[in-house]
Amino acid sequence: MPKQNSESVPQQMQPVYDEITHLTDAVCRDHLDDEYGQLCRKLAAALARKRPSPLVRGKPEIWACAIVYALGTVNFLFDKTQTPYLRADDLCRLFGVSQSSAANKAKQIRDMFDMVQADPRWYRPSQMNDNPIAWRVMVNGFIVDVRMMPREIQEEAYRKGLIPR
């Protein structure tokens, strides 16, 4: 079976997806970076593909903010030692939504996709080398950093999709 495009959405969800990504694209372009923009489109598409899609209920501005908020949590956006950095209340202000609404929807999104901080599935690619979770695999019952293992083990982990590509 061919691999599904990470931004493909059902036809009936396309207008909702377009409206939400128009909002996230603008905030990411003006205040974050292209990587956040790409991750937001990927997450919005994943939400649009859910059956039933939660995006059909609620304001697009809240969903757009919640998507960035959820990804920001995973990628430490709210940590001032990171670049880019943005305070959570400032993010919500950019979308014109209350922080409590955005935070609640972001929690719903994180729960729906089992997202955690530094989650390799939702981590910015440029920061992946610094993500220790992405490189942990179990070898003979021990959790190890695969980067410290022999090349053949690294290649096998890569082939199995256990580490970033």
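Values in this document were obtained by computation on a predicted structure and should not be read as measured data.
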Could you check whether any side-chain heavy atom of [X] comes within less than 4.5 Å of a side-chain heavy atom of [Y], counting everything from C-beta outward?
{"X": "R124", "Y": "V74", "value": "no"}
{"X": "P52", "Y": "R57", "value": "no"}
{"X": "W63", "Y": "I109", "value": "yes"}
{"X": "I20", "Y": "E61", "value": "no"}
{"X": "Y36", "Y": "H31", "value": "no"}
{"X": "L77", "Y": "Q82", "value": "no"}
{"X": "R93", "Y": "D90", "value": "yes"}

Return yes if a side-chain donor-acceptor contact under 3.5 Å exists between [X] and [Y], otherwise no.
{"X": "D18", "Y": "Q14", "answer": "yes"}
{"X": "S101", "Y": "S98", "answer": "yes"}
{"X": "E35", "Y": "S126", "answer": "yes"}

Practice prompt. Give the cluster check for L91 versus Y85: same hydrophobic cluster or not, with ILVMFWY residues linked at side-chain heavy-atom distances below 4.5 Å.
Written response: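 No, L91 does not connect to Y85 through the hydrophobic network.
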
Worksheet item: For the hydrophobic clusters of this structure (ILVMFWY residues joined by side-chain heavy atoms under 4.5 Å, transitively), does one cluster hold both V116 and F113?
Response: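 In one cluster with V116: F113, no.
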
Worksheet entry | Cationic N near anionic O, under 4.0 Å, R151 to E155 |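 Answer for the salt bridge query: yes.
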
Practice prompt. May I ask you to decide whether R110 forms a salt bridge with D119, counting only side-chain N to carboxylate O separations under 4.0 Å?
Written response: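 A salt bridge is absent here (no side-chain N lies under 4.0 Å from a carboxylate O).
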
State, to 0.1 Å, how close [X] and [Y] come at their nearest heavy-atom pair, and which atoms those are.
{"X": "S8", "Y": "R49", "value": "O-NH1, 2.6 Å"}
{"X": "L23", "Y": "A64", "value": "CB-CB, 3.8 Å"}
{"X": "D33", "Y": "P84", "value": "OD2-CD, 3.7 Å"}
{"X": "C40", "Y": "C28", "value": "SG-SG, 3.8 Å"}

Discussion item. Distance to the ring centre below 6.0 angstrom and angle to the axis at most 45 degrees; does that hold for K107 and Y69?
Written reply: no

